[in-house]
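One structure is given here, and the rest of the page talks about it.
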Amino acid sequence: MSRENRLRLIRKIESLRQSAVIAYITGDRENVGTRVAPDIIRIFHQHLEALGTKPRIDLFLYTRGGDVLTPWRLVNLIREYTDYFSVLVPFRAYSAGTLICLGANEIVMGKMGELGPIDPSVANAFNPQDPVNPQARIPVSVEDVSSYLALAREKAQLSGPELAEAFVVLAEKVHPLALGNVHRNYALIRSLAYRLLRLHYPPEKEGLMAEIVNSLTERLYSHNHMISRREARDDIHLHVTYPDAELEKVLNKLYTDYEADLQLLEPFNPALLLTPNQAQVDFEVSGGIIESSARLDSFVFNGTVSRSMGPDGLPKVNVEMTSQCWKRLV
């Protein structure tokens, strides 16, 4: 779909919601996926400066997650330009996307809308080696560590010296500094969640905020758990609203257009770009979008794919990424 047609949908949402809309899509297309990352802050600032201060700003969001520190900076930036910030979730807003939602006055979720737990998995130089790929490190989940200790305490009925011994066994398998990093990230994610909620919840709602944070960090048991809008509203008690039929139709249409433009449902295979008579071809492919009525930015992968003959006499395809960056298109 063209920019012109997407703008019609964005302006329709703005008319229905009496708001200014910024769409942020981190694509999950295989081989050219993008994540929530700090480099979006400057791009968002440019969009917000162009839009100006508004009574209401809506963030149309699709993401599988990313850097957990970026939501705090992004939400505070958007709130410099509005007193009422909402997130529109037509489909996925996982992990860091859910953190962004915690900073919103309102989360508008369609029937397909999904949030996710915010318990982090962390990887650093002290994590265990991946037995399949010794060059890689296995991420350690906060919930896996706490669940191991809960298993020892609750199911095996260990306490005192026995529980301490169970921890020693864990520390022999996972480096103590990796375990320390897990705990630090656990404390960080809970702190960020509280701070984002406090941007719009009054102090007397402290108990509710604690329940929300506990639900999203401890009670879902799987980082892959998909939180429906009904669960988000009725069980976790987030400020979730449902769009009416007209708004939901427009939200879904806009999402499916981004999905088609970014080709999210088919892997990116550079080898297919080569025709039988070509030895080399350059490519440019978009992996993410930030769009408003004011401008359009795309996260662009540039590279070269070439064909050569391997030492075994068989044809070989080589792919070289030459750049990955945000690029203003309009």
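Since the structure is predicted, the reported quantities are computational estimates derived from the model, not experimental observations.
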Measure across A96 and P71 and return the closest heavy-atom pair with its distance rounded to 0.1 Å. O-CG, 3.4 Å

Would one find more than 12 heavy atoms of other residues, nucleotides or ligands at under 6.0 Å from atom CZ of R153? yes

With under 30° as parallel and over 60° as perpendicular, where do the rings of F91 and Y62 fit, or are they tilted in between? tilted

Would T275 and Q278 count as a side chain to side chain donor-acceptor pair (under 3.5 Å) here? Give the steps. CA-CA 5 Å; T275 65; Q278 285 180 306; 3.1 Å; yes

Using the rule that two of Ile, Leu, Val, Met, Phe, Trp, Tyr join whenever any of their side-chain heavy atoms come within less than 4.5 Å, decide whether V300 and Y24 are in one cluster. no

Would you say the ring centers of F301 and F268 fall short of 6.0 Å from each other? no

What orientation do Y258 and F60 show, parallel under 30°, tilted 30 to 60°, or perpendicular over 60°? tilted

Would a single hydrophobic cluster contain both L196 and Y81, if residues Ile, Leu, Val, Met, Phe, Trp and Tyr are joined by side-chain heavy-atom contacts under 4.5 Å? yes

D83 CG: over 12 foreign heavy atoms closer than 6.0 Å: no

Identify whether W72 and Y201 are in the same connected component of the hydrophobic contact network (ILVMFWY, side-chain heavy atoms under 4.5 Å). yes

K54 and L51: which non-hydrogen atoms are nearest, and at how many Å? CE-O, 3.1 Å

Report the C-alpha distance between D67 and R35 in whole Å, list the side-chain angles of each, state the deciding distance to 0.1 Å, and finish with yes or no for side chain to side chain contact (heavy atoms under 4.5 Å, CB included). CA-CA 7 Å; D67 174 62; R35 309 274 286 170; over 6 Å; no

So L192 and L102, do their side chains get closer than 4.5 Å, heavy atoms only? no

Which residue in the set R29, R6, R3 passes salt bridge (Lys or Arg N to Asp or Glu O under 4.0 Å) when paired with D261? R6

Inspect the surroundings of CZ in R42 and state if more than 12 heavy atoms from other residues, nucleotides or ligands are less than 6.0 Å away. no

Contact summary for M109 and A232, nearest pair of heavy atoms: SD-CB, 4.1 Å

Not counting sequence neighbours, list each pair that qualifies as a ring-ring contact (aromatic ring centres under 6.0 Å, His included) and has a residue in residues 151-170. none

Results of side-chain hydrogen bond (donor to acceptor under 3.5 Å, both in side chains) for D234 - residues two or more places apart only: none

Heavy-atom closest pair (E154 atom, Q157 atom, distance to 0.1 Å) is O-NE2, 2.6 Å

Do V87 and Y84 share a hydrophobic cluster (ILVMFWY, side-chain heavy atoms under 4.5 Å, transitive)? no

Hey, what else clusters with M226 if you join Ile, Leu, Val, Met, Phe, Trp, Tyr whenever side-chain heavy atoms sit under 4.5 Å? Y94

Salt-bridge present (R56, D58; N to O < 4.0 Å): no

Could you tell me which non-hydrogen atom of T26 sits nearest to which non-hydrogen atom of R64, and how far apart they are? OG1-N, 3.9 Å

Quick one: are L264 and D28 in side-chain contact, heavy atoms under 4.5 Å? yes

ILVMFWY network linking L151 to Y186, side-chain heavy atoms under 4.5 angstrom: no

